[in-house]
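Report on the structure given below.
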Amino acid sequence: MEEKQRYRILIADDDGITRHLLRLLLKQYDHEVVGEADDGETTLTHCARLLPDVVFLDINMPNIDGIEVLKKIRQNHPQITVVMVSVSSTPDHVHTAMSLGAHEFIVKPFNSASVINTLNNIKRTAQDFPKDKP
């Protein structure tokens with residue numbers, strides 16, 4: 001029987017409804033939401049303090065946009081997996097995010113299957129290429 005991976009997740013989105021929906025969905029699948037952030041600066045602070053396994057990160061956020069946050073996470077916390085979740089799904093945004101190290105890009109509005117499939121893909125990738133945890 002396959003062991004279920006439980007992730008510690010930070011949700012970073014300026015939209016409270018999106019954060020709420022993600023939180024409910026993730027908890028339903030037994031993942032731990034360790035924090036939430038509504039701007040880029042808070043996201044970076046939470047990443048350093050909480051060291052989540054996964055960050056669900058919006059592109060359009062106050063203070064520091066998600067692309068800049070992604071760059072800083074990859075630089076300072078390479079063990080954290082970043083999943084972009086954004087309505088800004090232009091080919092340029094997707095290409096930029098993926099080239100900077102985002103694991104996947106989920107387009108809003110999302111459905112539960114896309115979120116859970118993404119977490120399953122993270123697990124498969126981690127099994128193929130294990131990350132060293134600090």
Side-chain angles (χ1 to χ4, degrees):
M1 183 172 181
E2 186 177 336
E3 185 179 325
K4 184 177 179 180
Q5 178 71 41
R6 184 171 194 244
Y7 291 108
R8 298 177 69 255
I9 299 172
L10 171 64
I11 302 169
D13 198 302
D14 63 332
D15 180 58
I17 294 172
T18 299
R19 289 193 316 271
H20 177 75
L21 291 173
L22 272 172
R23 182 176 59 252
L24 290 176
L25 174 64
L26 294 167
K27 286 183 177 184
Q28 177 184 354
Y29 283 87
D30 200 33
H31 295 286
E32 181 184 3
V33 176
V34 296
E36 296 183 25
D38 61 2
D39 64 60
E41 195 172 309
T42 304
T43 301
L44 292 172
T45 301
H46 283 352
C47 282
R49 187 172 54 87
L50 301 171
L51 295 174
D53 300 313
V54 179
V55 175
F56 281 89
L57 177 63
D58 189 13
I59 288 179
N60 299 314
M61 291 199 303
N63 297 327
I64 307 171
D65 73 44
I67 295 297
E68 289 302 312
V69 171
L70 172 61
K71 289 178 190 176
K72 291 176 190 273
I73 291 172
R74 302 305 322 136
Q75 179 181 5
N76 298 322
H77 309 287
Q79 77 281 6
I80 296 175
T81 300
V82 179
V83 176
M84 303 306 290
V85 182
S86 184
V87 70
S88 299
S89 61
T90 65
D92 284 344
H93 277 136
V94 174
H95 175 73
T96 299
M98 299 304 282
S99 69
L100 291 172
H103 188 275
E104 289 200 35
F105 198 108
I106 298 174
V107 178
K108 289 182 197 176
F110 55 84
N111 60 41
S112 60
S114 63
V115 173
I116 299 309
N117 287 339
T118 295
L119 291 172
N120 290 335
N121 288 340
I122 291 168
K123 180 182 178 187
R124 278 192 290 280
T125 302
Q127 288 173 342
D128 293 339
F129 306 100
K131 295 180 186 180
D132 292 331
K133 295 298 265 182

Partners of Asn111 by side-chain contact (heavy atoms from CB on, under 4.5 Å), sequence neighbours excluded?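 Counting only residues at least two positions away or on another chain, Asn111 forms a side-chain contact (heavy atoms from CB on, under 4.5 Å) with Ala113, Ser114.
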
Taking only residues two or more places apart in sequence or in another chain, which ones pass side-chain contact (heavy atoms from CB on, under 4.5 Å) with Leu21?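 Once residues adjacent in sequence are excluded, the partners of Leu21 under the side-chain contact (heavy atoms from CB on, under 4.5 Å) criterion are Ile17, Phe110.
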
Report yes or no: does [X] contribute a side-chain atom to a donor-acceptor pair with the main-chain N or O of [Y] at less than 3.5 Å?
X: His46; Y: Glu36; value: yes
X: Tyr7; Y: Lys123; value: yes
X: Thr42; Y: Asp38; value: no
X: Asp14; Y: Asp39; value: no

Treat each ILVMFWY residue as a node, draw an edge where side-chain heavy atoms are under 4.5 Å apart, and state whether [X] and [Y] are in one component.
X: Met98; Y: Val82; answer: yes
X: Val87; Y: Ile106; answer: no
X: Leu24; Y: Val83; answer: no

side-chain contact (heavy atoms from CB on, under 4.5 Å) partner of Phe56, chosen from Thr81, Val115, Leu10, Thr18: Val115

Check Ser112 against Leu25 and note the closest heavy-atom contact, atom names and distance.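 So the minimum-distance heavy-atom pair works out to CB-CD1, 3.3 Å.
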
Kindly give the heavy-atom pair with the smallest separation between Arg19 and Ala37, and that separation in Å. CD-O, 3.6 Å

Sort and list the pairs that fulfil salt bridge (Lys or Arg N to Asp or Glu O under 4.0 Å) and have at least one residue in residues 94-119, not counting sequence neighbours. Asp13-Lys108, Asp58-Lys108

Could you note down all residue pairs passing salt bridge (Lys or Arg N to Asp or Glu O under 4.0 Å) where residues 40-52 supplies at least one of them, sequence neighbours left out?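 Qualifying pairs, neighbours excluded: none.
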
Other than Leu50, which residues form its hydrophobic cluster under the rule that side-chain heavy atoms must be closer than 4.5 Å? Val34

How far does [atom1] of [X] sit from [atom2] of [Y], to the nearest 0.5 angstrom?
X: Ile116; Y: Gln28; atom1: CD1; atom2: CD; answer: 7.5 Å
X: His31; Y: Asp53; atom1: NE2; atom2: CG; answer: 10.0 Å
X: Leu26; Y: Arg6; atom1: CG; atom2: CZ; answer: 11.0 Å
X: Lys71; Y: Gln75; atom1: NZ; atom2: CD; answer: 10.5 Å
X: Tyr29; Y: Leu119; atom1: OH; atom2: CG; answer: 10.5 Å
X: Leu70; Y: Leu100; atom1: CG; atom2: CG; answer: 5.5 Å

Identify, with sequence neighbours excluded, every residue that meets side chain to side chain donor-acceptor pair (under 3.5 Å) alongside Asn76. none

